[in-house]
A.B. asks: 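Starting off with a structure, shown below.
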Amino acid sequence: MNRDIWVAPSVLSANFTRMEQEVRSIQTAGADLAHLDVMDGVFVPNITFGIKMVADIRKITDMPLDAHLMIVHPERYVEQFAKAGADYITVHYEACEENLIPTLQKIKACGVKAGAVINPDTPVEKIANAIECCDMVLLMSVFPGFGGQSFIESVLPKVEETKKLIMQTGKDIRLEIDGGITPANAGRVISAGADVLVAGSAVFGAPDRIEAIRLIRNAK
Ligand code: DX5
Ligand code: ZN
């Protein structure tokens with residue numbers, strides 16, 4: 001199945017004192033989603049922002065908002081992120097474990113698209129039975145917590161494996177990849193089956209954000 005490639009710049013690499021201009025700049029540059037990295041300092045060793053930032057960004061853009069929750073017990077906050085205006089909420093298998101499917105169902109019950117995320121060292125089989133409950137599956141290609149890390153090549157076979165499982169469901173489920181994506185490696189992740197590419201430093205750090213998004217989207 002040939003499908004549109006979506007580029008989701010991560011505002012983790014934006015200047016937080018200028019968030020409105022930063023969000024507008026990626027929208028103007030052709031971003032498909034705004035990727036919002038929520039970190040609690042417990043699930044990951046970094047703290048970013050929470051519900052209010054999502055709600056404030058919602059007020060200034062009609063771009064779909066992709067909230068990547070790197071927090072413990074994400075099920076406690078699903079309703080609040082939904083109410084804040086997230087279009088996608090993705091939760092980590094490592095934070096939910098046996099509670100993953102109920103958490104995905106809770107997200108969907110809020111009228112929001114639901115995604116399961118796994119870290120680079122978590123096997124795809126851990127989420128295999130949850131895939132059909134997902135609107136999106138997110139594979140981390142760095143260990144979560146910080147922008148600007150290098151892409152972990154060994155995640156590529158997991159992209160292929162996940163794509164096969166998605167195809168077997170026959171459902172319209174997006175496959176997102178997050179961490180270290182650049183114009184130089186985007187072609188390989190797209191060939192492996194990813195169709196949503198998160199990029200923080202490669203977009204916000206680029207001299208020309210329009211060009212950076214174009215290069216990632218069209219990479220071969
Ligand atoms: C890492 C975050 C990523 C990060 C990507 O924990 O989930 O979304 O912002 O940043 P880059 O593209 O710089 O690796
Ligand atoms: Zn992320």
Side-chain angles (χ1 to χ4, degrees), residues 5-16 19 22-23 25-26 29 31-50 53-54 57 63-72 74 77 81 86-96 107 113-122 134-156 158-159 174-190 194-207 209 211-213 215-217 219:
I5 303 299
W6 292 350
V7 180
S10 165
V11 303
L12 181 60
S13 293
N15 180 334
F16 285 16
M19 190 56 87
E22 297 280 57
V23 170
S25 106
I26 54 166
D32 299 280
L33 307 172
H35 183 84
L36 309 181
D37 285 309
V38 175
M39 303 187 189
D40 66 355
V42 179
F43 182 70
V44 285
N46 194 7
I47 301 175
T48 54
F49 50 73
M53 180 67 89
V54 176
I57 291 176
M63 245 189 314
L65 302 181
D66 175 26
H68 174 192
L69 304 189
M70 286 161 275
I71 64 177
V72 295
Y77 292 101
F81 280 102
D87 295 278
Y88 288 83
I89 296 176
T90 60
V91 294
H92 273 260
Y93 162 77
E94 299 84 1
C96 301
I107 295 168
K113 293 198 162 63
V117 194
I118 51 172
N119 281 341
D121 59 352
T122 300
C134 291
D135 298 290
M136 185 144 81
V137 176
L138 170 51
L139 300 178
M140 292 307 299
S141 43
V142 299
F143 284 90
F146 300 93
Q149 303 179 72
S150 297
F151 179 76
I152 298 172
E153 293 285 337
S154 57
V155 171
L156 281 171
K158 286 171 68 180
V159 178
R174 286 267 160 183
L175 178 51
E176 182 175 44
I177 188 145
D178 182 7
I181 299 297
T182 65
N185 58 33
R188 277 178 291 140
V189 302
I190 293 168
D195 47 32
V196 183
L197 280 65
V198 177
S201 45
V203 170
F204 283 96
R209 294 176 183 176
E211 181 70 352
I213 291 173
L215 288 172
I216 291 168
R217 192 195 309 285

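Below, each value reflects all heavy atoms present in this structure, side chains not excepted, and no hydrogens, waters or symmetry copies. Order of listing sets the numbers, starting from 1, for every ligand and every atom in it. Bear in mind that the values here come from a model prediction, so they are computed numbers and not experimental data.
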A.B. asks: Treating Lys113 as the side-chain partner and Ile89 as the backbone partner, does any N or O pair qualify as donor plus acceptor under 3.5 Å?
C.D. replies: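 Answer holds: no.
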A.B. asks: Considering only heavy atoms of His35, which atoms of ligand 1 have at least one such atom less than 4.0 Å away?
C.D. replies: 8 (O)
A.B. asks: Evaluate the salt bridge (charged side-chain N to carboxylate O under 4.0 Å, His left out) criterion for residues Arg217 and Asp32: first the C-alpha distance (whole Å), next the side-chain angles of each, then the deciding distance (0.1 Å), finally the verdict.
C.D. replies: CA-CA 10 Å; Arg217 192 195 309 285; Asp32 299 280; 2.6 Å; yes
A.B. asks: Only heavy atoms of Val198, strictly under 4.0 Å: list the atoms of ligand 1 that pass.
C.D. replies: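 This gives 8 (O) as the contact atoms.
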A.B. asks: For ligand 1, which part of Ser10 has a heavy atom less than 4.0 Å away: the side chain, the backbone, both, or neither?
C.D. replies: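 Just the side chain.
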A.B. asks: Between Asn119 (side chain) and Thr122 (backbone), is there a donor-acceptor pair under 3.5 Å?
C.D. replies: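 Answer holds: no.
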A.B. asks: From the N, O or S atoms in Asp178, identify the one nearest to the Zn ion (ligand 2).
C.D. replies: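 Looking at Asp178, the N, O or S atom with the least distance to the Zn ion (ligand 2) is OD2.
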A.B. asks: Going from CG on Asn46 to CE on Met39, what distance comes out if it is rounded to the nearest 0.5 angstrom?
C.D. replies: 5.5 Å
A.B. asks: Measuring from Ser10:OG to Asp37:CG, what's the distance to the nearest 0.5 Å?
C.D. replies: 4.0 Å
A.B. asks: Does ligand 1 have an atom that lies less than 4.0 angstrom from a heavy atom of Gly148?
C.D. replies: yes
A.B. asks: Just go through Val11, Asp37, Ile177 and tell me whose heavy atom is the nearest to atom 2 (C) of ligand 1.
C.D. replies: Asp37
A.B. asks: Any idea which atoms of ligand 1 are less than 4.0 Å away from a heavy-atom of Gly179?
C.D. replies: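 It comes down to these atoms of ligand 1: 14 (O).
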A.B. asks: Can you measure from CH2 (Trp6) to CZ (Arg174) and round to the nearest 0.5 angstrom?
C.D. replies: 4.0 Å
A.B. asks: At less than 4.0 angstrom from any non-hydrogen atom of Gly180, what atoms of ligand 1 do you find?
C.D. replies: 11 (P), 12 (O), 14 (O)
A.B. asks: If you have a sec, work out which protein heavy atom is nearest atom 3 (C) of ligand 1 and how many Å separate them, to one decimal?
C.D. replies: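 That would be Asp178 OD1, 2.9 Å.
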A.B. asks: Distance under 4.0 Å to a non-hydrogen atom of Pro144: what atoms of ligand 1 satisfy this?
C.D. replies: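 Here the atoms of ligand 1 in question are 6 (O).
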A.B. asks: Rounded to the nearest 0.5 Å, how far does CZ of Phe49 lie from CE of Met19?
C.D. replies: 5.5 Å
A.B. asks: Of all the heavy-atom pairs spanning Val159 and Leu175, show the shortest one and how long it is.
C.D. replies: O-CD2, 3.6 Å
A.B. asks: Are any of the heavy atoms in Phe146 under 4.0 Å away from ligand 1?
C.D. replies: yes
A.B. asks: Check ligand 1 against Leu12 and write out every atom of the ligand that is under 4.0 Å from a heavy-atom position of the residue.
C.D. replies: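 Reading through ligand 1 atom by atom, the close ones are 4 (C), 9 (O).
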A.B. asks: Is any side-chain heavy atom of Asp66 closer than 4.5 Å to one of Asp87?
C.D. replies: no
A.B. asks: Working to 10°, measure the angle at the Zn ion (ligand 2) formed by atom NE2 of His35 and atom ND1 of His68.
C.D. replies: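 Taking the Zn ion (ligand 2) as the apex, I get 100° for this pair.
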A.B. asks: Distance from His35 atom NE2 to Thr90 atom OG1, nearest 0.5 Å?
C.D. replies: 6.5 Å
A.B. asks: Is there a donor-acceptor contact under 3.5 Å from the side chain of Glu176 to the main chain of Asp195?
C.D. replies: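 Judged by distance alone, no pair lies under 3.5 Å.
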A.B. asks: Can you find an N/O atom of Gly145 closer than 3.5 Å to an N/O atom of ligand 1?
C.D. replies: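 Yes.
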A.B. asks: Tell me, yes or no, whether the heavy-atom count around Tyr77 atom OH, taken from other residues, nucleotides or ligands under 6.0 Å, exceeds 12.
C.D. replies: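 At most 12 heavy atoms, drawn from other residues, nucleotides or ligands, come within 6.0 Å of this atom.
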A.B. asks: If I consider every N, O or S atom in Asp37, which one ends up closest to the Zn ion (ligand 2)? I only need its name.
C.D. replies: OD1
A.B. asks: Of the protein's non-hydrogen atoms, which lies at the shortest distance from atom 10 (O) of ligand 1, and what is that distance?
C.D. replies: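 Looking at atom 10 (O) of ligand 1, the protein heavy atom closest to it is Gly147 CA, 3.6 Å.
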A.B. asks: Starting from atom 13 (O) of ligand 1, locate the nearest protein heavy atom and write down its residue, its atom name and how far away it is, to 0.1 Å.
C.D. replies: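 Looking at atom 13 (O) of ligand 1, the protein heavy atom closest to it is Ser201 OG, 2.5 Å.
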A.B. asks: What do you reckon, does Gly200 have a nitrogen or oxygen under 3.5 Å from a nitrogen or oxygen of ligand 1?
C.D. replies: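 By distance alone, the answer is yes.
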A.B. asks: Please list, in number order, the atoms of ligand 1 under 4.0 Å from a heavy atom of His68.
C.D. replies: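 What qualifies from ligand 1 is 7 (O).
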